[in-house]
J.: 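Can you read through this structure? Questions will come right after.
Reminder, nothing fancy here: chain letters follow the sequence lines and each chain counts from 1.
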Amino acid sequence: MSRKVCIAGGAVTPFDYPMHITPEGMIANAIVETQGDVPDFHMTDLEFMVYSHFSVHFGKQLCPEWVVHDHLGLVGLPHVRIENGGNTGGSALYGAFLAVKSGLFDVVGVAGWETMDNVTQSQGSEFIALASDTRYEALAGGIYPIYYAAMAYKFMKEHDLTEEDFALAALKNRNYAADNPKTQWYRGEYKKYKRDLTVEDIMDSRMISYPLKRYDCCLMSRGGAFALITSEEWAKKHAPNNYVVIDGAGLSSCTIRAGDRLAFPNWDKMYGKGYPDMTEFAACRRSGEVAYDMAGIEYKKAKKEIDVAEIHDAFSSSEVQIYKALHWCDADDMKDFIREKQTFMDGEVPTNPGGGLMGYGHPVGATGIMSAIECMYHLNDTAPKKHLSSKTYVKDAQTGLVNSHAGTGTSISNFILRRP
Amino acid sequence: MTDPRLHEIPDKVEWDVKHPNKFRGNVKETGIGFMGYDYDSTTEQFKVYLHYDQLYYWKYAEVSKLGKGFIDGEFWGTKCPKCGDKFFPPRVNCWNLDDNLEKTEWIKLKQEGIVHTFTIAGWSGKSSLKRLPFVLAYVVVDGCKTAIANELRNIDPWDAEFGMPVKVVWKPEDERQGTVTDWWFEPADGWEPTVGDTPEKERMKELCAPVYEWVKSMD
Ligand SMILES: [Zn+2]
């Protein structure tokens, strides 16, 4: 297992709703921007393509990756598409990681997108809800914010948290997005607000599902992203100043229905009876621990070792639940961890300086890739030129964490990236 | 001898009780069709309107007992004969890897349960907007190892509580479709909120007010 896998480069399109560019146009743009950072990288270098796309419902096109692949001129190359709900991007990166790690390929492209602006917002919510168990959940009027709210409310009560505690994550990520010109928040509502959000703004926004309000929820988006996953040898030779190393990669799973994790035998055995219940993200804990182990990070020291993180803040509450799953805090010090703003730029683990899903947007297939690219920008020091200022740049970062998350915590991946 | 864990596949199914169009009349599939277009002459952007609809035939197969049970106003769950775990929604094979796909047995469940967690929905999918705001509760039915999600009605949303006992209430028989929308939860008979007004309840009321207004404006 000595062969190292790297992210040699990558780029993200703007995320927006609506936005007028085709999937193949988005991926072409992202590749061209990647070549701006890695001039040595040419289309002829690609050996294998992993496409990252969640729902064919949005385009009413089965196998849309065939359209993109063909358009890019890559006919003849092997290609697959990975679909894994909100963790589609993370799972595609995981697939590319395996492909390079195995020694079969040196240069693998990961291209992801979603076109959620093809339908109305409420229709979009219903499409996404089709990834919950349609027989038992979507029919009962459930959509993801509702399932997450039911989990968040119990978590909030058990940890004696308040709506304001969750709101801090919403405020942080949106306000960081204001420093990133590609984010949906910057391109949209921020332009109207022209000021930073406050906790009151979040508390005053309309209820989506108690305790979550509109600004506690991520955005529905169109957007694309590309990541170039290569062997260390290729990266050293062709992207010496841009690449980062994937030192840890974990992927885990949980039940499709959140109500089925009160006594699941596999979790009972691994983490003790009654875990994760409907409050903890077991697949996040598990995949995080796998990634930490691979990267040689002690769980208790994780928050000290990780200098910057891009995590899946589909909801402000889930960001907080992820802090716990990743061992950054536990039940005893969670309140302090949140209220001391340990995930803000000046805190122990600056989290989502790129804006996260609440600020950048969440075009599902592109999201996990976006998180990885945003994390990379700190480890290779390009953040100041990618963002509007250095306010959202974590200086001297050595280690980064990337998290991608699906369903009601049904599939979750975690990656540890390091500066070479 | 056939392995007793195998699910039987019937050779021939003839539907002697047929209600294919009971609820929305004769739904016609119109297939894929382009409905119109827009053009922006300044940016030269073009867009078309595409409509597509489809009718699905969901075969309940091994879980048919669940669907037929809903029509008859019954709750059918399953139980593993090896470890005794009880499931609702039903699992037709045990979830315990040690039990190696043991086939579960059908059991009739009591139509009562305990609220494990809940939320007040103020937004939902297109087909549920007019019901807002509603309480979606995850309920452990009759001592099962799992919780099932459904609406909790006949309660002011802010009065719902963790651990409250609930009962099952059914739609009139001729309106049932064999799906989870045939029934909902209501507070168990005689249940009263255990706490009076709290700041949190006030906050919930405040958050619900505009939702009630908005739904009214939809008519
Ligand atoms: Zn069993």
J.: Taking all non-hydrogen atoms of both residues, which atom of B/Lys145 and which atom of A/Leu262 are closest, and how far apart?
T.: O-CB, 3.9 Å
J.: Who pairs with B/Asp182 by salt bridge (Lys or Arg N to Asp or Glu O under 4.0 Å), at least two apart in sequence or on another chain?
T.: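 B/Asp182 satisfies salt bridge (Lys or Arg N to Asp or Glu O under 4.0 Å) with no residue once adjacent residues are dropped.
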J.: Suppose a student defines contact as a heavy atom less than 4.5 Å from any heavy atom of chain B. Which residues in residues 212-221 of chain A would they list?
T.: A/Lys213
J.: State whether the number of non-hydrogen atoms from other residues, nucleotides or ligands found under 6.0 Å of B/Lys110 atom NZ is greater than 12.
T.: no
J.: Is the NZ atom of B/Lys79 crowded by more than 12 outside heavy atoms at less than 6.0 Å?
T.: no
J.: Is the shortest heavy-atom distance from the side chain of B/Glu200 to the side chain of A/Lys157 under 4.5 Å?
T.: yes
J.: Identify which part of B/Pro210 has an atom lying under 4.5 Å from any heavy atom of chain A, answering side chain, backbone, both or neither.
T.: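 Contact with chain A involves no heavy atom of B/Pro210 at all.
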J.: Are A/Tyr153 and B/Phe162, when compared by the centres of their aromatic rings, separated by less than 6.0 Å?
T.: yes
J.: With a 4.5 Å cut-off on heavy-atom pairs, point out which of A/Met151, A/Arg261, A/Met278 contacts chain B the most.
T.: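 Result: the option with the highest number of such pairs is A/Met278.
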J.: Give a yes or no on whether B/Lys68 atom NZ has more than 12 heavy-atom contacts from other residues, nucleotides or ligands under 6.0 Å away.
T.: no
J.: Quick one: are A/Met207 and B/Val211 in side-chain contact, heavy atoms under 4.5 Å?
T.: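 Yes, their side chains come closer than 4.5 Å.
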J.: Identify which part of A/Thr162 has an atom lying under 4.5 Å from any heavy atom of chain B, answering side chain, backbone, both or neither.
T.: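 Looking at A/Thr162, nothing touches chain B.
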J.: I'd like to know whether OH of B/Tyr37 has more than 12 heavy-atom contacts from other residues, nucleotides or ligands below 6.0 angstrom.
T.: no
J.: Does any heavy atom of chain A fall under 4.5 Å from the side chain of B/Cys208, the backbone, both, or neither of them?
T.: both
J.: If I measure from the heavy atoms of chain A, does B/Val140 come under 4.5 Å with its side chain, its backbone, both, or neither?
T.: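 Side chain only.
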J.: Does any backbone or side-chain atom of A/Thr279 lie under 4.5 Å from a heavy atom of chain B? Answer side chain, backbone, both or neither.
T.: neither
J.: Might you work through the side chain to side chain contact (heavy atoms under 4.5 Å, CB included) test for B/Arg91 and A/Asp260, ending with a clear yes or no?
T.: CA-CA 11 Å; B/Arg91 289 171 177 264; A/Asp260 279 26; 2.7 Å; yes
J.: Using heavy-atom distances under 4.5 Å, tell me whether B/Trp214 contacts chain A through its side chain, its backbone, both, or neither.
T.: side chain
J.: B/Lys103: which residues meet the salt bridge (Lys or Arg N to Asp or Glu O under 4.0 Å) condition with it, sequence neighbours left out?
T.: none
J.: With the side chain counted from C-beta on, respond yes when A/Tyr136 and B/Leu66 share a heavy-atom pair under 4.5 Å apart, and no when they do not.
T.: yes
J.: Which pair of non-hydrogen atoms, one from B/Ala121 and one from A/Ile146, has the smallest distance, and what is that distance?
T.: CB-CD1, 3.5 Å
J.: Just verifying a value: how many Å separate A/Met156 CE and B/Thr117 OG1, rounded to the nearest 0.5 Å?
T.: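 Rounded to the nearest 0.5 Å, the CE-OG1 separation comes to 10.5 Å.
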J.: Can you name the nearest heavy-atom pair linking B/Thr119 to A/Ala149, along with the distance?
T.: OG1-CB, 3.2 Å
J.: Any chance you could measure B/Tyr138, atom OH, to A/Arg257, atom CZ, to the nearest 0.5 Å?
T.: 10.0 Å
J.: Which bit of B/Tyr60 is near chain A, if near means a heavy-atom gap under 4.5 Å: side chain, backbone, both or neither?
T.: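 For B/Tyr60, there is no contact with chain A at all, as no heavy atom is under 4.5 Å.
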J.: Is it the backbone or the side chain of A/Phe127 that comes under 4.5 Å from a heavy atom of chain B, or both, or neither?
T.: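 Neither part; nothing is under 4.5 Å.
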J.: Check the orientation of A/Phe264 and B/Trp95. Use parallel for under 30°, tilted for 30 to 60°, and perpendicular for over 60°.
T.: tilted
J.: Using a cut-off of under 4.5 Å for heavy-atom pairs, which of B/Trp123, B/Phe134, B/Trp184 has the most such pairs with chain A?
T.: B/Trp123
J.: Once salt bridge (Lys or Arg N to Asp or Glu O under 4.0 Å) is applied, do any residues pair with A/Glu158, and if so which ones, sequence neighbours excluded?
T.: A/Lys154
J.: Evaluate whether atom NZ of A/Lys273 has more than 12 neighbouring non-hydrogen atoms of other residues, nucleotides or ligands under 6.0 angstrom away.
T.: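 It does not: A/Lys273 NZ has 12 such atoms or fewer within range.
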J.: Without hydrogens or angle criteria, can the side chains of B/His116 and A/Asp277 be said to hold a donor-acceptor pair below 3.5 Å?
T.: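 Checked: B/His116/A/Asp277 side chains pair up, N/O donor to acceptor below 3.5 Å.
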J.: When rounded to the nearest 0.5 angstrom, what is the spacing between CG in B/Leu207 and CE in A/Met203?
T.: 7.5 Å
J.: Go through the atoms of A/Ser122 and report whether side chain, backbone, both or neither lie under 4.5 Å from a heavy atom of chain B.
T.: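 The answer is both parts of A/Ser122.
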J.: In the structure I gave you, are the side-chain heavy atoms of B/Leu50 and A/Lys60 within less than 4.5 Å of one another anywhere?
T.: yes
J.: Please determine, among B/Ile32, B/Ile120, B/Asp85, the option with the most heavy-atom pairs under 4.5 Å with chain A.
T.: B/Ile120
J.: Which answer fits A/Asn266, side chain, backbone, both or neither, if we ask what part of it has an atom under 4.5 Å from a heavy atom of chain B?
T.: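 Contact with chain B: side chain only.
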J.: Which pair of heavy atoms, one from B/Arg203 and one from A/Tyr210, lies closest together, and at what distance?
T.: CG-CE1, 4.4 Å
J.: Kindly say whether B/Gly122 contributes a backbone atom to a donor-acceptor pair with the side chain of A/Arg206 at under 3.5 angstrom?
T.: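 Between the backbone of B/Gly122 and the side chain of A/Arg206 there is a qualifying donor-acceptor contact (under 3.5 Å).
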J.: Can you tell which part of B/Ser124 gets under 4.5 Å to a heavy atom of chain A, answering side chain, backbone, both or neither?
T.: both
